[in-house]
Structures are given as C-alpha cells and as structure tokens.
Amino acid sequence: MLGRMSEAVERERLDVDILFVGAGAATLASVIRLADLCKAQNLEMPAVLVIEKAPEVGGHQLSGAMMDPRGLAELMPDFVAQGFPYHYQCTSDFTWIMTNKRVITSPVTPPPFMNHGNYAISVSDVVKWMATKAEERGIEIYPGFAASKPLFDGNRVIGVQVQDRGVDKDGKPKPNFEAGPEIHAKCVIFAEGTRGNCTKQLIEKLHLEGSNPQAYETGIKEIWRIKPENHVPGRVVHTMGWPQDPTTFGGGWIYDLKDNCVSIGFVSGLDYDNPYTDPHDLMQRWKTHPRMKKLLEGGECIRYGAKTMPVGGYFSFPKLYADGALLIGDSAGTCNGERLKGVHLAIKSGMLAAEALIEAIKKDDFTAPTLSLYERLFNESWLAKEHYKARNFHGSFKYVSKMPRWLGWLRQLPWIINGQALAMITGGRGLVKQVHTHPDHTHMKKLSELSPKEQKKREKVAYDNKYTFDKVTAVALAGSRHEVDQPHHLHIADTNVCATKCAVEYGNPCESFCPAAVYEMMPDDANPGRKRMVIHHENCVHCKTCDVADPYAIITWTTPEGGDGPDYTNM
Ligand SMILES: Cc1cc2nc3c(=O)[nH]c(=O)nc-3n(C[C@H](O)[C@H](O)[C@H](O)COP(=O)(O)OP(=O)(O)OC[C@H]3O[C@@H](n4cnc5c(N)ncnc54)[C@H](O)[C@@H]3O)c2cc1C
Ligand code: SF4
C-alpha cells in the first residue's frame with residue numbers, strides 16, 4: 001500500500017484552545033452556542049478553530065432533508081427572521097406502499113413519518129447560513145483542511161494532523177508539496193459526520209464503542225427539475241416496499257423544493273445479506289416505477305450524491321468523551337434512523353457540548369471527569385429521550401434474515417411486531433430490553449448460500465439516460481473532483497484478497513455497493529485468468545459505504561488532499 005509522506009516530515013504546529021473537526025450542523029450549533037454562553041456569562045471567548053475538508057463550508061453536506069426545527073429553535077428562537085434558508089414547510093404527508101406496478105397510499109401516516117410543520121431544506125445551504133452566524137461571532141473556519149489522524153499524548157487527545165498536499169501517487173513530494181500542519185488544542189471536538197476517519201481511530205484506540213456496533217444506511221439522492229404541474233409545494237412522501245427485497249432495509253422519499261425542483265432519494269440498510277445489493281441500482285430501479293415516472297416525466301436530473309448515515313441509535317452511541325475530546329452529531333451516532341432525521345439532533349448535541357465546554361473553560365480543565373458533564377447532559381436531554389423511544393427499531397430488523405425464505409415478505413413480521421408495533425406500546429422496548437446486533441458487514445452471505453432467485457439481484461436495471469443513469473454519469477452530477485496524481489485515499493489492506501478469496505466467496509461486492517464506480521476488477525495481464533483491483537479514487541463521493549460494507553472489513557477510507565471530493569452545493 002502506498003502511503004502519504006513519512007512521519008519524518010517537518011510540520012508547522014498551530015495551537016488553539018478548542019478545535020472542531022468538520023463544519024456541519026453539529027459544529028456550527030456548538031460554536032454559536034459557545035459564543036453566546038461566553039457573552040451571557042461575561043467569559044473571555046477561548047481561541048476556537050473549525051476545520052473542514054470541503055473547499056468551502058457546506059460543500060460536502062448531503063441530506064434529504066426534512067428538518068425538525070426543534071434544535072434550531074432552541075439555538076436561535078427567531079431563526080426564520082434571521083434568514084433561515086428553507087424551501088417549504090410540510091403541509092401534507094403521504095406513505096406509499098409500493099409493489100412493482102402499484103402504489104397503495106397508506107390511510108395513516110406512521111408517527112415517525114409525520115412531518116407537518118417540518119422544513120424542506122438543503123442542509124448544505126443551512127450549514128452555509130449557520131457558518132455566517134458563527135463568523136459574525138468571531139469564529140474562524142478553515143475550509144480545505146482535512147484532518148488525517150488524531151494526535152495523542154498517551155490516551156489524551158492533543159490535536160489532529162492535517163493531510164499533506166502535493167504528494168504524488170507513489171508517495172513522493174511534488175513541487176507544490178505542503179506538509180499538513182499539526183493543530184494542537186486543549187480539547188478536540190470530533191464532528192466529522194458519518195463514519196469519520198479520525199473518529200473511527202479515536203473510538204478504536206480508546207475503546208469508546210457503544211454496547212451495539214454502529215449500523216449504517218446508504219442514501220442516494222437526486223434533485224430533479226420537474227414539470228410545474230407535477231410539483232406540489234409542502235408535499236412529503238415516504239415509500240416502502242418495492243424495489244427492496246424483504247431482507248434489505250430501506251425505502252424512498254420525495255420532498256418538493258422551490259423552482260419546480262424535487263429532492264428524491266432511496267436508502268438501503270448496509271446490514272443486507274445479498275452481496276449483489278447495489279444502493280445506486282435500487283435508486284435507479286425505483287425511478288422506473290410507473291408512479292415515479294409520472295412524477296419525473298419531462299423533467300431533468302440536475303444533481304446526484306450519496307452518503308451513509310449512522311442508524312444504530314441508542315445502544316450504538318459511543319462513549320461521548322475522553323481526555324481532551326468530545327464526540328458530537330453523526331460522529332456520535334445521533335441520527336435517528338426511524339425518523340430519517342438527524343439535523344435537529346446534531347444541532348442539539350453540539351449545543352449540549354458547548355454547555356459542558358463552558359464548565360471546562362471556567363476550570364481550565366479538559367480531562368475526562370470534567371468533560372463527562374456532556375454525556376450527562378446528553379442523557380438527560382430530549383435528544384436521548386427521542387432515541388430511547390426508537391432504541392430497538394433498527395436492531396429488530398436482524399430477525400428478518402433468520403426467517404425461512406419461503407415466507408417472502410412475511411419475514412418482516414418479527415421486525416414490524418417487535419421494532420414498531422410492540423415498541424410503540426412499550427415506549428420503545430418491544431419484547432426484549434436490548435436487541436443485540438452485529439456489525440453490518442457480517443450479515444453478508446456468500447454466493448454459495450444464495451438461492452437462484454437471490455442470484456438474480458446481480459442483474460442491473462437498464463439505463464435509459466432519461467430516468468436512469470449509470471454510476472459514471474451520476475458521479476458527473478455529483479461534481480466530484482480529486483487530484484489524480486496522489487496516493488489512493490481508499491486503502492485496501494490486501495488486494496490479493498480481492499483477486500482470490502473475495503472474487504470466489506462474495507463476487508467482489510465493492511463493485512456493487514460503491515455508488516461511484518470507484519472499484520473495478522479488471523483482467524490481470526500478469527496473471528492470466530485472474531482479475532486485479534483497480535481503484536478509480538477520483539470518482540469517490542465520500543459516502544463511506546466501502547468502509548462499512550466490505551465483508552472482510554479491509555477497506556479503510558482516509559482523507560484525500562483537503563478540498564478534494566464531491567460538490568454538494570444545494571444538496
Ligand atoms: C441520504 C440522507 C438523507 C437524510 N435525510 C435527512 C432528513 O430528511 N432530515 C434530517 O434531519 N436528517 C437527514 N439526514 C441526516 C442528517 O443529514 C445528518 O444527521 C446531519 O447532517 C449530521 O450533521 P453533522 O454535523 O453531525 O455531520 P455532517 O453534516 O456530515 O458534517 C460533518 C462535516 O465534517 C466534515 N469532515 C468529515 N471528516 C473530516 C475530516 N477528517 N477533516 C475535516 N472535515 C471533515 C465533512 O466534510 C462535513 O462537512 C440524512 C442523511 C443522509 C445521508
Ligand atoms: S469509494 Fe467508498 S466512500 Fe468513495 S464513493 Fe465508493 S463507497 Fe463511497
């Protein structure tokens with residue numbers, strides 16, 4: 001494996017009091033709250049720095065997004081008057097149960113899908129707007145700074161190292177080489193969103209894992225400009241059923257946006273069992289449904305993107321603090337998979353972290369005992385209560401794959417009964433206190449275990465370039481850009497496994513689960529009859545699916561040069 005520059009490189013060192021890694025909703029809520037609390041309590045504002053890997057704030061944000069305003073209303077009660085950018089407030093909710101030809105509109109909207117009064121937003125726009133509010137309060141934000149690893153003194157977090165720039169594909173410095181600085185801080189707040197690369201290293205080193213492993217879904221999102229007569233401001237639709245098979249968790253959404261646009265998307269749980277599962281293909285297939293075609297007919301797909309979201313929920317929360325560190329937002333797993341909502345929870349976790357930080361600032365003590373206040377505030381808050389009510393929702397889905405195949409869709413009954421019906425009556429419990437789960441990738445079956453019907457999932461939908469697009473065309477709509485002459489930021493521990501064991505056992509599922517056609521098995525001229533792995537890293541849309549779904553868990557997503565990645569403006 002080719003790495004970046006060696007440890008021997010001389011690095012500049014920057015010192016701040018508090019460093020936030022990632023400029024998402026969680027961080028921006030936190031720094032706004034911190035500044036407001038300092039002002040209200042006449043405290044000197046500490047030196048705060050926010051770093052972000054995107055070339056500009058909001059550039060790597062992707063979400064549905066139907067936002068519950070609860071968190072923002074606490075942070076800024078007059079948020080609408082302050083220019084909060086939104087499209088519409090939800091006025092009508094629908095739940096569609098889909099078969100391959102029909103749609104049955106559910107007579108009742110399941111409570112988690114009720115959205116009346118919630119806001120259709122672009123999370124990228126909201127984050128940009130929040131950044132202006134933070135900057136008005138004197139907060140410094142450095143975009144284009146990708147943190148490659150956390151820095152430790154023993155078990156105490158002391159900062160992060162920023163990724164180098166100007167390294168060629170063989171790991172050698174180019175004329176434009178710039179060593180990434182070390183940024184040292186009294187406290188580092190990890191707010192990298194889903195499956196953060198530094199957060200992952202931190203959790204592993206300090207054993208901060210929750211009692212269940214984190215679980216993920218991959219969401220594919222497209223924005224379409226549709227015919228005005230098909231556009232319904234305030235409409236929110238969630239779909240269930242087709243084209244998902246009974247053992248794969250997931251469903252779709254339709255949210256109308258301004259300018260005759262519509263946000264549509266399809267999410268797939270990564271605890272699926274069929275190695276041919278392809279989240280991009282499922283999204284494309286979903287659009288071939290007669291009802292979806294009617295919506296999109298005469299329209300144009302203008303944006304594409306993909307991202308994972310953590311959905312393990314309550315039992316998957318890691319320990320939220322360590323000496324010199326806090327975890328907030330999706331890095332702490334705050335997204336609520338039952339409601340497909342995380343923005344309000346990311347905001348709330350950031351605010352709670354700020355409240356704990358104020359006490360640490362007053363004592364000038366950022367050790368774990370002082371920072372543990374954050375976890376206490378978190379557990380006492382409405383954030384934890386919202387999650388507690390959904391604590392066995394995702395975990396109960398594991399029963400589906402244990403049911404005999406011949407039951408078809410009835411296999412979902414144990415999940416519906418335990419994770420939804422009984423959970424609703426028992427305040428989230430269901431039949432057992434905690435449904436214990438296993439990491440997503442361990443659910444994947446080997447090819448030899450698939451039935452002929454399951455083998456058919458290998459066949460992809462036919463791309464017509466009208467409603468459906470192949471991955472390479474889709475990636476162009478994600479605007480992804482990476483310097484080609486740099487080391488791959490996708491590290492495969494042993495590519496021999498891809499060519500031998502994985503090819504036979506799982507049929508190289510990375511070619512299916514990656515929504516950006518990054519992984520390709522090509523004929524290996526040096527070993528006739530074998531294939532070799534080729535990584536098109538420049539396509540990567542930073543969704544992190546590969547880091548989660550690889551059945552051998554040997555793919556690690558690392559940061560490319562700061563500023564590289566998708567362009568998710570308005571997503
Ligand atoms: C497909 C999809 C649909 C969703 N739909 C909804 C919805 O309808 N409603 C809703 O409320 N929520 C929804 N969510 C969830 C919601 O978007 C997230 O929970 C929320 O945005 C998390 O905010 P965050 O600040 O924790 O993380 P993010 O918004 O992901 O921000 C993290 C930031 O950190 C940066 N970063 C990451 N690593 C590094 C690094 N090493 N160095 C520097 N910067 C780094 C990233 O570029 C990013 O800008 C959805 C999520 C997905 C994926
Ligand atoms: S390489 Fe990994 S992170 Fe990049 S787009 Fe593919 S699955 Fe997502």
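Bear in mind the structure is a predicted one, so any value in this text is a computation, not a measurement. Each ligand, and each atom within it, is numbered from 1 in the order the structure gives.
Tested against N115 for a side-chain hydrogen bond (donor to acceptor under 3.5 Å, both in side chains), the candidates Q89, R235, K341 yield a single pass: K341. Of the residues listed (Y272, F397, Y216), the one engaging F249 in a ring-ring contact (aromatic ring centres under 6.0 Å, His included) is F397, and it is the only one. Test R481, H542, H537, Q163 against D564 for side-chain hydrogen bond (donor to acceptor under 3.5 Å, both in side chains) and you get one pass: R481.
Distances below 4.0 Å separate heavy atoms of V541 from the following atoms of ligand 2: 4 (Fe), 5 (S). Within ligand 2, counting atoms from 1 as listed, the ones closer than 4.0 Å to a heavy atom of A516 are 5 (S).
Under the 6.0 Å cut-off for aromatic ring centres, H387 and F378 do not qualify, their centroids lying 6.0 Å or more apart. You'll find the ring centres of Y388 and Y314 inside the 6.0 Å limit.
The distance from atom 6 (Fe) of ligand 2 to the nearest N/O/S atom of C546 is not under 2.8 Å.
Contacts between F145 and ligand 1 below 4.0 angstrom, taking non-hydrogen atoms only, involve the backbone exclusively. Contacts with ligand 2 closer than 4.0 Å are made by side-chain heavy atoms of W557 only, the backbone lying farther away. At a 4.0 Å heavy-atom cut-off, ligand 2 touches V518 through the side chain alone. For S148, no heavy-atom contact with ligand 1 is shorter than 4.0 Å. By the criterion of a heavy-atom distance under 4.0 Å, both the backbone and the side chain of K307 are placed next to ligand 1.
No N or O atom of A54 sits closer than 3.5 Å to an N or O atom of ligand 1.
By the 4.5 Å heavy-atom criterion applied to side chains, I121 and F84 are counted as neighbours. Residues E222 and Q284 have side chains in contact (heavy-atom distance under 4.5 Å, counting atoms from C-beta outward).
Taking the six-membered ring where tryptophan is involved, the planes of F469 and W224 are tilted, since the angle between them lies from 30° to 60°.
In this structure, Q61 counts as a contact residue of ligand 1, since one of its heavy atoms falls inside 4.0 Å of the ligand. Not a single heavy atom of G265 sits under 4.0 Å from any atom of ligand 1. Contact between Y519 and ligand 2 is present, with at least one heavy atom of the residue lying under 4.0 Å from the ligand. Using a non-hydrogen distance threshold of 4.0 Å, L345 does not register as a contact of ligand 1.
For atom 6 (Fe) of ligand 2, the closest non-hydrogen atom on the protein side is C514 SG, 2.4 Å. When hydrogens are left out, the protein atom nearest atom 27 (O) of ligand 1 is G193 CA, 3.3 Å; that is the closest non-hydrogen contact.
Between the side chains of S268 and T218, no donor-acceptor pair is found at a separation under 3.5 Å.
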